[in-house]
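Worksheet: one structure, shown below.
Remember, it's a predicted structure, so these values are computed and weren't measured experimentally. Whatever order the structure lists ligands and atoms in, that order sets their numbers, starting from 1.
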Amino acid sequence: MNCKSDITGDKTPFIRQMENRYDIYARLGISKEVFELGERVEEALKDWFKRIDETAEYNQLRVVEAMHECRVGEAALLGTTGYGYNDIGRDTLEAVYARIFHTEDALVRPQISCGTQALHLCLLANLRPGDELLSISGKPYDTLEEVIGIRPAPGSLAEYKISYAQVELREDGGFDFEGIRNKVNERTRLVAIQRSKGYADRPTLSVEQIGEAARFVHDLNPKIKVMVDNCYGEFVERIEPTEVGADIVVGSLIKNPGGGLAPEGGYIAGDKESVENAAYLLTSPGLGKEVGASLGVLRSLYQGLFLSPTVTASALKAAIFAANIYEGLGYGVRPDSREERYDIIQAVTLKSPEALTAFCRGIQAASPIDSYVTPEPWAMPGYDSDVIMAAGNFISGSSIELSADGPLREPYTVFFQGGLTYPHARYGILNSLQFMVNEGLVRL
Ligand SMILES: *Cc1c(COP(=O)(O)O)cnc(C)c1O
């Protein structure tokens, strides 16, 4: 322990002077120029931030309304052990999720260890040998390539004789309806849509667009299930894909809906049959949702869900603030400084390995945890170039917390997301710029 009190121990009473806002930034290493740039940029975003706060307010009340309707009581915050029979807290939480996403049922479990597992679970549970999975938003998220078997992997859907087809998004980022009509066939059992762009170079899909595509697919064949990979999209808008035509939404609890408090977990919300199928695969045929001890995590899952609308709003403001800072300095940003937002990810093209490294080090140094650690690029499995990552998180790997990463290759794009609170994310972004300024990579 090397953090000693700064009180000296003599008997004179300690009086701290009232400081200006800038004084604390100065102590944290932010120069006056960087601070003032932040002030100017934020001033121009006031109206936009107000709209985001209104969406957060709306979604906050939706969450509370669902908790009232499901009569969440203190006993629901406790947990079970062993088989987890009659886990009232778990069952009630699943009812709350089903209310919020407007679905018949939901599976919300700590036994689902990440978003990829939730997606795999939903796909394998709802497809049978001979069926075809059709992605209509182009190439899916990286980790799903092995799930599907696009890259051969033991246990992939391909090994279970489930085939895969894909329709690219149009040049303008919209759905290719003609292409979808051509690819849907009598074996198509499930259509997958990825809401967020993830790390792909395309716009994120709005819930309205997703609804239109879901209804189009159902017009072709009402039996086809439309599943949406909802990662990074929850509570960004006032509606969710299952409220406009999609059958199932799937996501991770260490992203938006966990509100930064959920220590792990994933969710699947959808029609009764699809959710039941997923439960039978997660536990076992015959047991389904009846088993699965929640141990001690329920309180965090409820409290995280409760905080999620405002945490998501913080992350959204952070992404917009970053886009406006960096676009103003001449860097390519995606989405751009004015674009409507449908997820919390911000890409900034930094054009040099030095700038990418400095950016990530600035984010890391601003983190509440591991601020003294210096991120280095490393050869991550599954990537063809070194990757640098900044994440000083309370929950390991949580990307609703302020985090940044990027592969060290042309054009040196950093993907930035999260921020449990806007004041912290704002400081993190200013610090990323400060590190670039200190290295002489940017002149203000
Ligand atoms: C994060 C993410 C996933 C996978 O989630 P993990 O929790 O990392 O396994 C899938 N799809 C999208 C769009 C994501 O952002």
Fill in: Any residue meeting salt bridge (Lys or Arg N to Asp or Glu O under 4.0 Å) with Arg361, in chain and number order, not counting sequence neighbours
Glu376
Discussion item. I'd like the residue list for ligand 1, meaning every protein residue with a non-hydrogen atom under 4.0 Å from the ligand.
Written reply: Cys114, Gly115, Thr116, Leu119, Tyr141, Gln194, Asp229, Cys231, Tyr232, Ser252, Lys255
Worksheet entry | Step-by-step side chain to side chain donor-acceptor pair (under 3.5 Å) determination, Glu410 to Tyr412 | CA-CA 5 Å; Glu410 294 277 350; Tyr412 301 100; 4.8 Å; no
Practice prompt. Keeping to residues at least two apart or across chains, list the salt bridge (Lys or Arg N to Asp or Glu O under 4.0 Å) pairs with something in residues 310-321.
Written response: Asp53-Lys317
Fill in: Close side-chain approach of Tyr267 to Val250, heavy-atom, < 4.5 Å
no
Worksheet item: Can you list the residues that meet the salt bridge (Lys or Arg N to Asp or Glu O under 4.0 Å) rule with Lys223, with sequence neighbours excluded?
Response: none
Worksheet entry | Lys/Arg cation over aromatic Tyr141: Lys255, 6.0 Å, 45° cone | yes
